[in-house]
Visitor: 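The structure under discussion is supplied below as C-alpha cells; questions concerning it will follow.
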There are 2 protein chains.
Amino acid sequence: MKVENPTSRDIAELAGVSQATVSRALRNSPLVRADTRERIQKIARDLNYFVNRNAAGLRTQQSNTIALLLFDETEGEDAQINPFFLSMLGYITRAAAGLGYDVLISMQQLTDDWHIEYQASNRADGLILLGYGDYVKYHEKLSALARANTRFTIWGPRIDDQPGHSIGCDNVDGGYKATRHLLDQGRKRIALLGSTSRRSPELASRYDGYCKALHEAGIELVDNLRVDAMSSEGEGYRAVLTLLARGEAFDAIFAVTDVIAIDAMRALEDNGYAVPADVAVVGFDDISLAGHVTPALTTVRQDIRQAAEALVHGIVGLIEGTPVESSLMVPRLVVRASCGAL
Amino acid sequence: MKVENPTSRDIAELAGVSQATVSRALRNSPLVRADTRERIQKIARDLNYFVNRNAAGLRTQQSNTIALLLFDETEGEDAQINPFFLSMLGYITRAAAGLGYDVLISMQQLTDDWHIEYQASNRADGLILLGYGDYVKYHEKLSALARANTRFTIWGPRIDDQPGHSIGCDNVDGGYKATRHLLDQGRKRIALLGSTSRRSPELASRYDGYCKALHEAGIELVDNLRVDAMSSEGEGYRAVLTLLARGEAFDAIFAVTDVIAIDAMRALEDNGYAVPADVAVVGFDDISLAGHVTPALTTVRQDIRQAAEALVHGIVGLIEGTPVESSLMVPRLVVRASCGAL
DNA sequence: CTGAAAGCGCTTACAG
DNA sequence: CTGAAAGCGCTTACAG
C-alpha cells in the first residue's frame, strides 16, 4: 500500500479496475457504480493521490487557473502596488477558489507581451487585469490581447471600443458624492487633487463628478484649485505645496485617491493647517489606511469584495462560455473625521 | 503563415525540420546550429507560439511554479491578511519571476491538506508558507508536508525538530532593541502587549528580547504590565483597556506587532493619554501604516524585500537541489515620533 | 456500468 | 548537428 508517486494506474491496479474507471471515479462521473467509485476514492485518499494537473490540463486543454496581472504606472522594481488592489487580491483568490480556479499572480508593467504568453502557453485560462493606468496607452495592449483571443477582464471603466470585459465603479457618482458632501458641510472653495487627464478615465470621471456637484450648487470651477497628482507616495504632498504656493484660498480638498489624500493631509498639517477645521479632506478608495490616519479620512468606498467577486465571475464566465455583462458598481461615501462632519 | 493554436509540429513544418529540433531550438540547446535555431525562433515569434506548459510540465515533471500559502489564525472569510505579509507578496513574485518561477497564491487556514495537494498534483514544485501562527498546532501539519516529500520554506523562527527550511528574523534582537530604546528615553515602566505563548515563538521571542533588555537595565519584570493580545483588529485596543483597568502605572508600551501598537495608540488617545508625552509606544514589523499614523510609529523593521528574496532562494534551492541554509535576519529599529525620541 | 485505445504537446535518450 | 521514437499521466469518444 506504499507507492512513491502514485498515478491513476497504481490506483487502478489496487482497485482491480481499469485506469479509465479510476479517472471517471475521481471526477465523480455518474457512469461509475457508486460502490466502485467510493472504493476507488478511498484508495486514492489513502495513497495521498492527486490528479496530475499537467496531464489533465494537457488532455483537456485547460488549466483551471486565472492569471492576475497587477500593473502599475510607477517605475522601478521597488514600487509598491496601490494597497487598494492588494486587498482585492485576497477576495479574488477566495472567489476563484470557490469556483475551482487557482490564481497565478504577476506584477508587471503592461508593456511586455507577458500577458499573451500566459494564455498561449496554457498556464492560465484567462486574465484579470488590475491597476490604475493610462488607458490610451493600454488600448493597443488590450487589442493585442483580444487579437490573440486571450480572455480577460479588467477593473476599470467601460470604454467605447475597448476590447474585453470590464467591471468598474461608477466614478462619476463617487466624485459627485464626495464633493456634494463637502458642499453640505458648508465648504465652498474645494480644491481637486489628482489627474484629470482623459488618459486615466477612472480618475477623470471622479473629477467629472466633482464638476457636476459644483455646477449643481451654482459654484464656478476655479482652475487654480486643481492640481495634478499621481497616486504614488509624495505626490499628494507636493500637490498641496503647489496649491499653497498659488495663494488661492481653499477650505476643502477632494483627492481622487486616498493615497493622494493622506499625503495631502500631512502636507496641510506640516504647513500649519488643521484638518478639518481649516481644510476638510475627502479621498477615494477607502484603503485600510484611511480609517487609521489622524484625523480618519472621509472617503468614497468601492466595495472591494463585491468588485473582486464580479471580476472573478466575469473571467470565469468568459472561460466557460456563459456570457457575463460588464457592470458598474455604486460607490458609497464613508464619513469619518477629516471632512468635519463628525 | 496563419495557424490558430500553433504547436511545435506546426513550427517544425514551416521550418522544414523535425519537431525535436524545434523543441531544442526553443530551449536554446547548443545542439542546434545557430542559424537553424534563429530561423526556428523567428517563426515561433511570428506565429505567437509559446511552449505548452502542461505538455512540458508533464514531460519534465516540473511546473516551474511556487505556491504561496498565506495563512492566518483569524477566522472568517472576511479576515484581512496582515499587511506585513501582503507586502512581501510583491517582492516574492518579482524574485520568483527573476528565477523563472511563477507564483500561485492561496489563502487558507493551515488546516486542510490543501498544501500537500499542490505539490502532489504537480501544480507547484514547492511551497512558501507565510503567516504568524500557532507553531505547536502547525507542527503536525509541517510534519505531514515533510512526510509527503513536499518542499517548503516557512517564514519564521528556526524551531528544533521542525521539519523544512525556514527564513526568519532575529526576534529576540528586535524585541531587545525596541525595549532598549524605550529605556534609553528614560521610560521605566514598560508594558508589553502581545502573546508570550510558546505557541507563537516569533512573538514570544520578541518578549524574550524585552525581558533581556529590562534585565540588563536592572528593572524587574512586572506581570501586571503584560497583556495578551492577538494581531488582529481591536485586540490592541482591548489590551490597553485591560491595562488601564489594572491601575498599574506605565509610561511606555512595547507591542509585539504594529497592528497591536496602532490599535493601542488609539485606545490611549481615546482615554486621554498623549503619545508619546504620557506613554511612548514602539511596535514591530514596520507595516506601511506605521509611518502614516499620528504620531508616526516607532517600530522594528524586518527587511521585507530581503526576506522575500531569501524565501524564494530558499525554496528554489530546495527544488533545484542546491542546498540553502536556514537563516536569521537582523531587524533594525526605525525611530519615529511615537517613542518620544524626536 | 466498464475497458481498450487514442492522443493531448512536449522533452530527451538513442542512433546516426 | 538532426531525426525517429518513446513516454510523461491523464480524459474521453467508442465499443461492448
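Labels below follow one simple rule: chain letters A, B, ... track the order of the sequence lines, proteins then strands, and each chain is numbered from 1. Since the structure is predicted, the reported quantities are computational estimates derived from the model, not experimental observations.
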Visitor: Between atom CG in B:Leu26 and atom P in C:dT12, what is the gap in whole Å?
Guide: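 B:Leu26 atom CG is separated from C:dT12 atom P by 13 Å.
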
Visitor: Can you tell me if A:Tyr49 touches the phosphate of D:dG9, counting only side-chain N or O atoms and a distance under 4.0 Å to OP1 or OP2?
Guide: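 No, because none of the side-chain N or O atoms of A:Tyr49 sits under 4.0 Å from OP1 or OP2 of D:dG9.
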
Visitor: Verify the contact: side-chain N or O of B:Arg27 to OP1 or OP2 of C:dT12, cut-off strictly under 4.0 Å; return yes or no.
Guide: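 Yes.
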
Visitor: Rounded to the nearest angstrom, tell me the gap between atom CZ in B:Phe50 and atom C1' in C:dG9.
Guide: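 Those two atoms, CZ and C1', are 16 Å apart.
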
Visitor: Examine D:dC10: is either OP1 or OP2 under 4.0 Å from a nitrogen or oxygen in the side chain of A:Ser8? Give yes or no.
Guide: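 Answer yes for this pair, as a side-chain N or O of A:Ser8 is under 4.0 Å from OP1 or OP2.
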
Visitor: Do side-chain atoms of A:Asn122 reach the backbone of B:Arg53 as a donor and acceptor pair under 3.5 angstrom?
Guide: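 No, the answer is negative, given that no donor and acceptor are paired below the 3.5 Å cut-off.
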
Visitor: By salt bridge (charged side-chain N to carboxylate O under 4.0 Å, His left out), which residues pair with B:Arg37, not counting sequence neighbours?
Guide: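 For B:Arg37 there are no salt bridge (charged side-chain N to carboxylate O under 4.0 Å, His left out) partners, ignoring immediate neighbours.
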
Visitor: On DNA chain D, check which nucleotide each of A:Arg59 and B:Pro30 is closest to and give me the residue with the more 5' one.
Guide: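 It is B:Pro30 whose nearest nucleotide is closer to the 5' end.
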
Visitor: Could you go step by step and tell me if B:Asp46 and B:Lys42 meet the salt bridge (charged side-chain N to carboxylate O under 4.0 Å, His left out) rule?
Guide: CA-CA 6 Å; B:Asp46 290 348; B:Lys42 170 154 179 23; 2.7 Å; yes

Visitor: Is there a residue in residues 15-23 of chain A whose heavy atoms reach under 4.0 Å of DNA chain C, and which residues are they?
Guide: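 Hits under 4.0 Å, by residue number: A:Val17, A:Ser18, A:Ala20, A:Thr21.
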
Visitor: Please report the closest heavy-atom contact between B:Asn5 and B:Asp10, naming both atoms and the distance.
Guide: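 Scanning both residues completely, I find the closest heavy atoms to be O-OD2, 4.0 Å.
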
Visitor: Kindly indicate whether the side chain of B:Leu70, heavy atoms from C-beta on, has any atom under 4.5 Å from the side chain of A:Thr93.
Guide: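 Side-chain contact under 4.5 Å: no.
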
Visitor: Given C:dT12, is OP1 or OP2 found less than 4.0 Å from the side-chain N or O atoms of B:Thr60?
Guide: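 Answer no for this pair, as no side-chain N or O of B:Thr60 is under 4.0 Å from OP1 or OP2.
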
Visitor: How many whole angstroms separate atom CG of A:Leu31 from atom P of D:dA15?
Guide: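 Spelled out: CG on A:Leu31 to P on D:dA15 is 16 Å.
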
Visitor: Please report the distance, rounded to the nearest Å, between CG in A:Leu58 and C1' in D:dC8.
Guide: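 One finds 9 Å between C1' of D:dC8 and CG of A:Leu58, rounded.
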
Visitor: Could you measure between the two P atoms, the one in D:dA6 and the one in D:dT2, and give it in whole Å?
Guide: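 My reading of the P atoms in D:dA6 and D:dT2 gives 23 Å.
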
Visitor: Ignoring hydrogens, what is the shortest heavy-atom contact between A:Phe50 and B:Ala120? Give both atom names and the distance.
Guide: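 Of all heavy-atom pairs spanning A:Phe50 and B:Ala120, the closest is CD1-CB, 3.3 Å.
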
Visitor: Picking from D:dT2, C:dC10, D:dC8, which would you name as closest to the side chain of B:Ala55?
Guide: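 The answer is C:dC10, which lies nearest to the side chain.
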
Visitor: Can you measure A:Ile40 atom CD1 to C:dT2 atom P for me and round it to whole angstrom units?
Guide: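 After rounding, the reported distance stands at 8 Å.
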
Visitor: Of all the nucleotides listed (D:dT11, D:dG9, D:dC14), which has the minimum atom distance to the side chain of A:Arg24?
Guide: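 It is D:dC14.
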
Visitor: Any salt bridge between A:Arg123 and A:Glu117, counting N to O under 4.0 Å?
Guide: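 Result for this pair is yes, salt bridge flagged.
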
Visitor: Would you say the side-chain atoms of B:Glu309 pair up with the backbone N or O of B:Tyr91, donor to acceptor, closer than 3.5 Å?
Guide: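 Answer holds: no.
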
Visitor: Would A:Tyr49 and A:Leu26 count as a side chain to side chain contact (heavy atoms under 4.5 Å, CB included) here? Give the steps.
Guide: CA-CA 10 Å; A:Tyr49 168 80; A:Leu26 294 173; 3.3 Å; yes

Visitor: Checking side chain to side chain contact (heavy atoms under 4.5 Å, CB included) for the pair B:Ile92/B:Leu130: CA distance, chi angles, key distance, verdict?
Guide: CA-CA 11 Å; B:Ile92 287 179; B:Leu130 235 49; 4.0 Å; yes

Visitor: Of the listed nucleotides (D:dT11, D:dG9, D:dC1), which one gets closest to any side-chain atom of B:Arg33?
Guide: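 Of all the options, the side chain of B:Arg33 is nearest to D:dC1.
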
Visitor: How many whole angstroms separate atom CD of B:Gln61 from atom C1' of D:dG9?
Guide: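 The answer, rounded to whole Å, is 8 Å.
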
Visitor: Using atom C1' in both nucleotides, what's the gap between C:dG16 and C:dT12 to the nearest angstrom?
Guide: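 Those two atoms are separated by 16 Å.
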
Visitor: How does DNA chain D look in dot-bracket notation if pairs are Watson-Crick or G-U with both distances under 3.5 Å, crossing ones as [ ], other-strand ones as |?
Guide: |||.||||||||.|||

